[in-house]
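We use all heavy atoms of the structure for the numbers below, so side chains are in, but hydrogens, waters and symmetry mates are not. Computed from a predicted model, the values in this text were never measured in an experiment.
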Amino acid sequence: IGQQCVGGLIGKPDEGYDNQDIRLSNSINAGTVTGTNYVGGIRGREYHRPGNLTVSCINIGNVTGNMWVGGIVGYSQGNSYYCMNAGIVTGNQYVGGIVGHQSNYTAYNCKAHDCVSVGQVYGTANVGNVTGYYESGTVEKCYYDKQVSPEYLGIGSTSEDVAGVAVGKNTSEMLNTTLSMTSFTA
């Protein structure tokens, strides 16, 4: 429980570490995460570094905030690979099952790649089952259960799902789909 930059494992790097690569892998959060802004099941805020990685992490805890709320990362300028969210994600703006707000930072190509969300999402603006608001960077091969929160698309700031980016599947398809799940070693 906190205010700004709250995460199930990391809220944000301490002063002096925001310009260094921080890699977090093979981790699970099962606790409830509550904050105001920049709230994530794994990380609250991921800073603009190409080596900032969140890999093979799983969130099963519920995540609640106001803005920039994500099942894995609240606000990302880094990279999320092979992550899964099964927790309920609730906020007002920029709410996503994986990332609340996906942004790029100048020369870096920040990514959300091979991620899966099967948790419910709730919000009022820029809400998506994968990413609430896509500003820039790359979202690829991400999947979500479209029966869990059918009122939202994969990316909240778009008008339709795009094949190969954020793809909704029925619950039965999600159970039968072979994803790159061998990378989940948490």
Side-chain angles (χ1 to χ4, degrees), residues 4-13 18 21-25 33 35 37-59 63 65-85 87 89-119 121-144 146 149 152-168 179-180:
Q4 304 283 341
C5 300
V6 180
L9 300 177
I10 297 175
K12 71 171 184 142
D18 55 352
D21 294 339
I22 298 175
R23 297 174 186 199
L24 182 61
S25 62
V33 182
N37 298 322
Y38 307 107
V39 184
I42 302 297
R43 289 184 192 233
R45 184 165 183 173
E46 193 168 46
Y47 281 96
H48 49 81
R49 301 282 303 164
N52 268 345
L53 300 173
T54 304
V55 181
S56 299
C57 290
I58 298 171
N59 175 59
V63 182
N66 180 41
M67 292 175 63
W68 303 292
V69 184
I72 301 298
V73 182
Y75 184 94
S76 179
Q77 291 178 318
N79 299 288
S80 301
Y81 294 102
Y82 309 111
C83 292
M84 184 175 85
N85 174 57
V89 183
T90 306
N92 287 318
Q93 294 185 54
Y94 313 113
V95 180
I98 300 298
V99 176
H101 183 142
Q102 176 72 36
S103 179
N104 208 15
Y105 185 76
T106 55
Y108 308 134
N109 186 19
C110 303
K111 296 182 179 183
H113 195 285
D114 279 309
C115 294
V116 175
S117 183
V118 295
V121 293
Y122 298 100
T124 55
N126 293 305
V127 181
N129 280 294
V130 173
T131 302
Y133 184 77
Y134 170 78
E135 181 179 352
S136 56
T138 303
V139 178
E140 284 184 315
K141 295 195 244 177
C142 292
Y143 299 89
Y144 67 93
K146 67 182 181 182
S149 293
Y152 303 113
L153 294 169
I155 298 175
S157 56
T158 61
S159 59
E160 63 182 28
D161 282 342
V162 178
V165 176
V167 179
L179 304 173
S180 303

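- The one candidate from Trp68, Tyr94, Tyr75 that meets the ring-ring contact (aromatic ring centres under 6.0 Å, His included) condition with Tyr133 is Tyr94.
- Across all their heavy atoms, Ser117 and Gly97 have their closest contact at OG-CA, 3.5 Å.
- Residues Val73 and Ser76 come closest through the heavy atom pair CG1-CB, 3.8 Å.
- In this structure, CG in Asp114 is found 5.0 Å from NZ in Lys141, a value given to the nearest 0.5 Å.
- Val6 places a side-chain heavy atom less than 4.5 Å from the side chain of Val33.
- Asn92 CG to Asn66 CG: the interatomic distance, rounded to the nearest 0.5 Å, is 4.5 Å.
- The line from NE2 of His101 to OG of Ser157 is 8.5 Å long, rounded to the nearest 0.5 Å.
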Item to check | From CA spacing to verdict: side chain to side chain contact (heavy atoms under 4.5 Å, CB included), Ile98, Cys142 | outcome: CA-CA 9 Å; Ile98 300 298; Cys142 292; 5.6 Å; no
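- Interatomic distance, CG of Leu9 versus OG1 of Thr54, reported as 9.5 Å (0.5 Å rounding).
- With values rounded to the nearest 0.5 angstrom, Leu53 atom CG is found 5.5 Å from Asn79 atom CG.
- Counting all heavy atoms, side chain and backbone alike, Asn129 lies closest to Tyr152 at ND2-O, 2.9 Å.
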Checklist entry - Please walk me through it: do Cys57 and Arg43 pass side chain to side chain contact (heavy atoms under 4.5 Å, CB included)? => result CA-CA 10 Å; Cys57 290; Arg43 289 184 192 233; over 6 Å; no
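- With a 4.5 Å cut-off on side-chain heavy atoms, Ile72 and Cys115 do not count as touching.
- Ile155 and Ala166 get closest at one heavy-atom pair: CG1-CB, 4.0 Å.
- The side chain to side chain contact (heavy atoms under 4.5 Å, CB included) with Val95 is formed by just one residue from the set Asn126, Val89, Thr90, Thr131; it is Val89.
- Atom CE of residue Met67 and atom OG1 of residue Thr124 lie 9.5 Å apart, to the nearest 0.5 angstrom.
- The shortest non-hydrogen separation linking Cys5 to Lys12 is SG-CD, 3.7 Å.
- In this structure, Tyr82 and Val55 approach most closely via the heavy-atom pair CD1-CG1, 4.4 Å.
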